[in-house]
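In what follows, a structure is listed as structure tokens, so that the remarks can point back to it.
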2 protein chains.
Amino acid sequence: MNATFVYAADPLPSWNDTAPKKALVAFVEKVTKPGSPDFVPVAERIATFDNDGTLWAEQPMYFQLLFALDRVKALASQHPEWKGEEPFSSLLRGDVKATLAGGEPAITRIVMATHAEMTTEEFHTIVSAWIDTARHPVTKRLYTEMVYQPMLELLAYLRANSFKTFIVSGGGIDFMRPWTEKVYGIPPEQVIGSTIKTKFEIRDGVPVLVRLPELDFIDDKQGKPIGIQQHIGRRPIAVFGNSDGDLEMFQWTTAGAGPRLAVIVHHTDAEREWAYDRDSSIGRLDKGLDEATSKGWTVVSMKNDWHTIFPASK
Amino acid sequence: MNATFVYAADPLPSWNDTAPKKALVAFVEKVTKPGSPDFVPVAERIATFDNDGTLWAEQPMYFQLLFALDRVKALASQHPEWKGEEPFSSLLRGDVKATLAGGEPAITRIVMATHAEMTTEEFHTIVSAWIDTARHPVTKRLYTEMVYQPMLELLAYLRANSFKTFIVSGGGIDFMRPWTEKVYGIPPEQVIGSTIKTKFEIRDGVPVLVRLPELDFIDDKQGKPIGIQQHIGRRPIAVFGNSDGDLEMFQWTTAGAGPRLAVIVHHTDAEREWAYDRDSSIGRLDKGLDEATSKGWTVVSMKNDWHTIFPASK
């Protein structure tokens, strides 16, 4: 009688059997194997993930900006003055290009007009309603169906191996938290992002936190290791990103002693998703690609390494 | 044959069998009982704890301030100018009263001189060495033995019932994190506290985070609900504190819908610990006592409700 082998079901079925999948599995196996020189205790199994372009798509523009544009339209009747004020007037005429021509200051005005001057609970309700119903302008899918199936599997695989998974995103922390638990299995206390200031107030005997139109912290570039220190207080052992905004988080993570895993999602699939890197204004990946080569980080080609991009639509 | 009853071992042996213990157990039982109208899903079982005066002692002054005073002495030889500068000169002469007479500005100067201008890893090493060896000026115990045994049991009891336990303290986040996991079982990512700003830098090819002598966030009073929103992103269902600095955290927690537990540790035991409340400059409990009465919060008398105060010395 021949020996019988029992294989566990593949935890990463949407990944092709190419080098990145092998690197992921090899890393997880070595850090979880008791007695291995690379063994990492459970408490230190911290993995951080960028969100835009890493866990969900970010084209034709960041989804949070599409949310803000939708909010401007929804709020326009309460703000008749917007008809004569940029960037609002361009936006209300449907000219997104002219809206964004004002650059950072225009975007900041839009964000503050749509994300502040309300309580944290009111904002939570607004985001929840939007994410449940709004649809992507190109694919017409729900935004929660614009997430990457291979990354959902990877998150689950890491957690099954006792990793704690965190989001470390330039996006707004309170824009992500209403839905990350349901969509990614990542609870609000494991979401790190950009913040505006808030103020504690008692309104008619009820304590509330009011969102102020004032930036508090930008969780991007150098802000990512700072946000990690602030929220987690220890260095991740695995890091996942897709753009130069993640570079400092990669440097910080991989500089730790012991085994480290650094994985870049490279947008190479113009047919099934989008193809962009060094010249893109959204999600630019330039220095990161160079450093990945020089430092041996794993680069995932969405086209070659992912069997499936998006989950089945519900 | 009579029925045989099997009792589980008491999870709170250092608590007397008085009203507070009964309130704690009744709360935990009702929120964890499937089918109960008060059942709370695991993900929402968030409990927040103040640290100074709630999990460990805070007399004759906050332990972090004793750390800072020790650091001034240790650093004095590198700062000959301190001999002619207050508050350092008073401190180096051993006159703690004159040192603190300068109030907040004097304390801020001492904290900045001892907590900043180094990397986060250097600060971690300094705190770890101090907490392992420094001793309390009155009891001569290690500071990690100045924690409250009943609260250690309570933390473990809550976690055994799938609560996530967080510290929400006015103390420095990076002063607590090096030891909270070992002492309280609370990992660094569940510690919220006051912060100074940090800066990301590459030094000789190695990324570091440098602690700057600039306040970032004070996690006290109104700052506590703000810190909770920032780090946890959902409202606790149970809250533990001991001073008016915790009042807004209590208000915020208890204003949520559904079952809530609010417990104040009242320092009533001059023999085994310290007795202080409305008139104390450290850990003043005045408005909190009034509001506990009017709102029915649980007040623990250390003298009457705790069988043991400190753990056995090792």
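Every chain is numbered from 1 and lettered A, B, ... according to where its sequence line falls, protein lines coming before strand lines.
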Using the test ring-ring contact (aromatic ring centres under 6.0 Å, His included), find all partners of F49(A) that sit at least two apart in sequence or belong to another chain.
F240(A)
In short, P188(B) meets G233(A) closest at the heavy-atom pair CB-O, 4.1 Å
Contact origin within I192(A) toward chain B - heavy atom pairs under 4.5 Å
neither
Please report all inter-chain donor-acceptor pairs (under 3.5 Å) between chain B and chain A, with distances to 0.1 Å.
residue	atom	partner	partner atom	Å
E121(B)	OE2	R235(A)	NH2	2.8
K164(B)	NZ	E189(A)	OE2	2.8
K164(B)	NZ	Q190(A)	OE1	3.2
D174(B)	OD1	Q229(A)	NE2	3.3
R177(B)	NH1	Q229(A)	O	2.6
R177(B)	NH2	Q230(A)	O	2.7
R177(B)	NH2	H231(A)	O	3.4
E181(B)	OE1	R234(A)	NH1	3.1
E189(B)	N	I232(A)	O	3.2
E189(B)	OE1	R234(A)	NH2	3.3
E189(B)	OE2	K164(A)	NZ	2.8
Q190(B)	OE1	K164(A)	NZ	3.2
D216(B)	OD2	Q230(A)	NE2	3.2
Q229(B)	O	R177(A)	NH1	2.6
Q229(B)	NE2	D174(A)	OD1	3.3
Q230(B)	O	R177(A)	NH2	2.7
Q230(B)	NE2	D216(A)	OD2	3.2
H231(B)	O	R177(A)	NH2	3.4
I232(B)	O	E189(A)	N	3.2
R234(B)	NH1	E181(A)	OE1	3.1
R234(B)	NH2	E189(A)	OE1	3.3
R235(B)	NH2	E121(A)	OE2	2.8

At a heavy-atom separation under 4.5 Å, does F166(A) approach chain B through its side chain, its backbone, both, or neither?
side chain
Below 4.5 Å from any heavy atom of chain B, which atoms of I226(A) appear? Answer side chain, backbone, both or neither.
both
Greatest number of heavy atom pairs closer than 4.5 Å to chain B - which of L209(A), V191(A), I46(A), I202(A):
L209(A)
With sequence neighbours left out, write down each residue that passes side chain to side chain contact (heavy atoms under 4.5 Å, CB included) with A116(B), or none if nothing qualifies.
I196(B), P213(B)
